[in-house]
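Residues take their numbers from the sequence shown, with the count starting at 1. The analysis underlying the following values was restricted to heavy atoms, covering all of them including side chains, and did not include hydrogens, waters or symmetry mates.
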Amino acid sequence: ADYQLVSNLADTLSGQGSEELINHPLPKFTLTNLEGQPVAIESENRPVVLYFWATWAAPTTEDLPGVVEFAKQLQGQGVRVVAVNVAEDKEQVAAFLAANKIALDVAIDKTGEVVHDLRITELPALVVVDKKHQVRGIYEEVTKDIRPKLAEELNKLMSEQE
């Protein structure tokens, strides 16, 4: 009960798990979209949910149609959802999305820098960022069961920041 799986011993020994990022500014990083343009999360004036996934991680792709529907629901509430692909080429990601008829706002974390900076160790993962660019939640190994709770938390977050 006193043991915890860790991905980076140095971060863990210095007390730097992902929970340390909650209620702190989103780390600075660079994402690009499928066209190679920067995706500027820091310029958003609304909450953002980052969904981390990869074509090689079956649990992340099996629920992509559900993520699309959830993203539409959240977009209607003023929340941007960005599906962040981890460590794959944009051509491979675009081909996968086209073949599976998936339409999402997609960004690429080509080198894995972003998952490293956010200390994410399991996919799929969700990161909730408020409109002031503070990390409000990091959820790993997420399933569709989290959606009602997440929608409720986002509603609360939006009402707090009005």
Side-chain angles (χ1 to χ4, degrees), residues 1-2 4-8 11-12 14-34 37-54 57-86 93 97 100 102-109 112-162:
D2 294 333
Q4 175 182 346
L5 180 65
V6 298
S7 62
N8 184 312
D11 285 349
T12 302
S14 65
Q16 308 246 335
S18 63
E19 66 280 351
E20 297 291 322
L21 298 172
I22 307 301
N23 296 320
H24 287 86
L26 183 68
K28 301 285 185 220
F29 51 74
T30 303
L31 294 170
T32 57
N33 63 20
L34 294 176
Q37 302 299 316
V39 176
I41 304 301
E42 67 280 356
S43 68
E44 290 288 339
N45 189 27
R46 59 183 169 168
V48 177
V49 173
L50 302 172
Y51 174 77
F52 289 87
W53 69 286
T60 70
T61 59
E62 290 167 354
D63 192 35
L64 277 178
V67 173
V68 170
E69 290 307 311
F70 191 55
K72 287 178 186 174
Q73 173 190 345
L74 293 178
Q75 186 176 14
Q77 298 172 358
V79 177
R80 180 179 182 191
V81 176
V82 179
V84 181
N85 178 271
V86 179
V93 173
L97 295 172
N100 292 282
I102 302 289
L104 278 168
D105 185 2
V106 175
I108 306 290
D109 178 15
E113 161 197 9
V114 178
V115 291
H116 177 267
D117 290 351
L118 291 170
R119 302 179 188 135
I120 292 171
T121 60
E122 299 286 335
L123 297 179
L126 286 171
V127 176
V128 176
V129 181
D130 68 20
K131 70 180 188 178
K132 295 179 182 176
H133 311 119
Q134 302 288 309
V135 176
R136 297 300 289 265
I138 298 176
Y139 308 91
E140 296 185 70
E141 293 186 273
V142 297
T143 65
K144 62 184 175 186
D145 299 336
I146 196 173
R147 289 185 195 131
K149 177 184 175 198
L150 186 60
E152 184 178 308
E153 287 181 20
L154 285 164
N155 284 334
K156 181 180 172 190
L157 177 65
M158 291 178 72
S159 64
E160 285 175 4
Q161 294 191 347
E162 287 180 354

What heavy-atom pair brings G112 and V115 nearest, and what distance separates the two atoms? O-CG2, 3.2 Å

Here the gap from L104 atom CG to N85 atom CG, rounded to the nearest 0.5 Å, amounts to 11.0 Å

Regarding E69 and K72, does a basic nitrogen lie under 4.0 Å from an acidic carboxylate oxygen? yes

Between the OG1 atom in T121 and the CD atom in E140, the distance rounded to the nearest 0.5 Å is 4.0 Å

Distance, nearest 0.5 Å, that separates CD1 of I102 from OG1 of T61: 9.0 Å

If the threshold is 4.0 Å, N to carboxylate O, is there a salt bridge linking E153 and K149? yes

Minimum heavy-atom distance V82-A107, with the two atoms named: CG1-CB, 3.7 Å

Nearest-0.5 Å distance that lies between atom NE2 in H133 and atom CG in N45: 7.0 Å

According to side chain to side chain contact (heavy atoms under 4.5 Å, CB included), who are the partners of Q37, at least two apart in sequence or on a separate chain? N33, E35

What's the verdict on side-chain contact (heavy atoms from CB on, under 4.5 Å) for R147 and Q73, showing C-alpha distance, side-chain angles and the deciding distance? CA-CA 11 Å; R147 289 185 195 131; Q73 173 190 345; over 6 Å; no

Start with the C-alpha gap between V79 and L157, add the side-chain angles, then the distance that decides, and say whether side-chain contact (heavy atoms from CB on, under 4.5 Å) holds. CA-CA 11 Å; V79 177; L157 177 65; over 6 Å; no

Between T60 and Y51, is any pair of side-chain heavy atoms under 4.5 Å apart? yes

For Q75, look at atom CD and say whether over 12 heavy atoms of other residues, nucleotides or ligands are found less than 6.0 Å away. no

Would you say V86 and I120 make side-chain contact, with heavy atoms under 4.5 Å? no

Evaluation steps, salt bridge (Lys or Arg N to Asp or Glu O under 4.0 Å), between K144 and D63: CA-CA 7 Å; K144 62 184 175 186; D63 192 35; 6.0 Å; no

Heavy-atom closest pair (I138 atom, L118 atom, distance to 0.1 Å) is CD1-O, 3.8 Å

For the atom pair CZ (R80) and CD1 (I41), what is the distance rounded to the nearest 0.5 Å? 5.0 Å

Quick one, V49 and F70 - any side-chain contact, counting heavy atoms below 4.5 Å? no

Distance col, row L150:CG vs Y139:OH, nearest 0.5 angstrom, shows 6.0 Å

